[in-house]
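Below: one structure, written as structure tokens.
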Number of protein chains: 2
Amino acid sequence: MKAPKRSDATSATTAGAGKARARPRGRPRSFDRETALEKALLAFWEHGYEATSVSDLTRVMDIGAPSLYSAFGDKRSLFEEVVRVYGTRYGSFAERALAEEPTARAAVERTLREAATAYTEPGHPHGCLVVHAAANCSNPEVEQSLRDRRNANIAALESRIRADVAAGVLPPATDAAALARHTGAMIQGMSQQARDGASREELEAVAEIALSIWPRTGTHTG
Amino acid sequence: MKAPKRSDATSATTAGAGKARARPRGRPRSFDRETALEKALLAFWEHGYEATSVSDLTRVMDIGAPSLYSAFGDKRSLFEEVVRVYGTRYGSFAERALAEEPTARAAVERTLREAATAYTEPGHPHGCLVVHAAANCSNPEVEQSLRDRRNANIAALESRIRADVAAGVLPPATDAAALARHTGAMIQGMSQQARDGASREELEAVAEIALSIWPRTGTHTG
DNA sequence: TCATTTCTGTAGCGACCGCTAGACAAATGA
DNA sequence: TCATTTGTCTAGCGGTCGCTACAGAAATGA
């Protein structure tokens, strides 16, 4: 049994800013791990897990295949790390809205509006990586992992809606599950629209229409 | 230059019901072309264009690779034929609603309700083939062909909405493009939800919420 | 200087991809 | 019966897939 080496995330290499640990023993890595990871992220985002080959990855990351495998494990592990980074860097706006806004309605309003912007932002692929990158994937586990993320987001919104119902912010007859799922479907539909060429303005108009299902003013009782 | 043979759609083989043409010259096909095509349709629907290999296809169609290529051309042609058949067999409910219902609103209402049923029907994969089967496809032409279909459907709805506006059925200030795109996003989001495990009842609830953006009664003026 | 450790580049593994050549099988018309 | 036509079967083409063995390069501590 061979020792798994280190290879893991927090290797500071030559960029010794801050509390950089002492240099590791062997030959230092000749590329910046985070930069390479970002390139991989963009490739997976644009083409999806399956259609992005290791050969594509080594080209855009500008490293050899052995370096990729030594630094990131296999393709699957690299993708998982990409999804994690995507979540913290690009895909956290819904979670943030849910945490910061006072009501579920306000969180959804902010989420849909920000989605219109985020999904059409120049400089990276359009739409949401979590929605698209594992579609039509031969590896069912990869497909399922993103599906779980999507459904978890909807479940989080549902429980937030339930809390508002319990607090009297939303009427007792509110179908929290349906309302949450409607928002999830809107986000996913907007992401698909972004992939299909819709502009920010067009998505914002769609978001405004979708938001009209909620009562115009903060609380309502019927 | 070799003659392209016949191989095309309307070969009756042994099933000589109705006005069957005279038998062609050579050895007759040993499989039913439509049955094999249906099996290919289900495979592409479930796994998408790229993730369905020719080897997968020959297995589910229960024919050899040369028979597949002789009867359907290459993989791309087979997929295109599958998309055509899907359109007439499974995916025509929106088009039908648009043609048969008196107003755009009624057409959308019927479309969303039927989508909830169609996208969760047992006996075939969930969701819409046109939405999913060419996602993350290495062949950009295949991806684009389904994208064109999706956008054409939205454009058709938009012009139908414009007609209702011109006829006074919808208010003059109606944003036809946004309204059509909202419906497209809903359908695509519901399809994604169906793929992610949503039930017919759950999708029906989502559809009802989405329909509440329209005025409750037939016409409205403001 | 030198053994040790770790990364990089070359080169290629076995598996699968889409696709097809060529031999044989099964129908036709004569 | 027999040449012709067309479908099926076996076998395998060149190419790409994800991945890795191996040798050399570049750092370390002694």
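We name chains A, B, ... by the order of the sequence lines, and we start the count at 1 in each one. Quick caveat: nothing in here was measured; it's all calculated off a predicted structure.
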Report summary line: Taken to the nearest whole Å, CZ/B:Arg27 to C1'/D:dA3 is 18 Å

Report task. Counting heavy atoms from C-beta on, name the nucleotide in D:dT6, D:dA27, C:dC19 closest to the side chain of B:Val54. Result -> C:dC19

Requested in this report: Establish, for the pair B:Lys39 and B:Phe31, whether the NZ or CZ atom is under 6.0 angstrom from the six-membered ring centre and no further than 45 degrees off its axis.
Outcome: no

Report task. Give the rounded distance in Å between these two atoms: CG of A:Leu57 and P of D:dT16. Result -> 16 Å

Query raised in the report: Taking the side chain of B:Ser30 as heavy atoms from C-beta outward, which of C:dC19, C:dT8, D:dT8 is closest to it?
Result: D:dT8

Query raised in the report: Between B:Met61 (CE) and D:dT8 (P), how many Å, whole number?
Result: 11 Å

Query raised in the report: How many angstroms lie between atom CG of B:Leu37 and atom CG of B:Leu68, to the nearest 0.5 angstrom?
Result: 10.0 Å

Report summary line: Here the distance between atom P of D:dT10 and atom CD1 of B:Ile63, to the nearest Å, is 14 Å

Requested in this report: Find out whether A:Leu57 and A:Thr52 are in side-chain contact, i.e. whether some heavy atom of one side chain is under 4.5 Å from a heavy atom of the other.
Outcome: yes

**Report entry** A:Glu121 with A:Arg200: basic N within carboxylate O range, under 4.0 Å
**Finding:** no

**Report entry** Rounded distance (Å) that lies between atom P of C:dG18 and atom CZ of B:Phe44
**Finding:** 9 Å

Query raised in the report: NA contact type, A:Ser138, heavy-atom cut-off 4.0 Å: base, sugar-phosphate, or nothing?
Result: nothing

Query raised in the report: What about B:Arg25: does its side chain form a donor-acceptor pair under 3.5 Å with the base of D:dT4?
Result: yes

**Report entry** B:Lys75 side-chain proximity, nearest of D:dT6, C:dG18, C:dA21
**Finding:** C:dG18

Query raised in the report: Base, sugar-phosphate, or nothing: which does A:Thr58 touch, judged by heavy atoms less than 4.0 Å apart?
Result: nothing

Query raised in the report: Between A:Ser53 and D:dC17, does any side-chain N or O lie under 4.0 Å from OP1 or OP2?
Result: yes

**Report entry** Nucleotide C:dT5, atom P - distance to CZ of A:Arg29 in whole Å
**Finding:** 18 Å

Report task. Run the salt-bridge test on A:Arg76 and A:Glu141 with the 4.0 Å N-O cut-off and return the result as yes or no. Result -> yes

Query raised in the report: Starting at the 5' end of DNA chain D, which residue's closest nucleotide do you reach first, A:Asp56 or A:Ala65?
Result: A:Asp56

Query raised in the report: For A:Leu68 and D:dC17, what is the distance between atoms CG and P respectively, to the nearest whole Å?
Result: 14 Å

Report summary line: Between CG of B:Asp62 and C1' of D:dT8 the distance, given in whole Å, is 13 Å

Query - Below 4.0 Å: OP1/OP2 of C:dC19 and any side-chain N or O of B:Tyr69 - result: yes

Report task. Measure from the side-chain heavy atoms of A:Pro66 and tell me the nearest of C:dA26, D:dA26, C:dG9. Result -> C:dG9

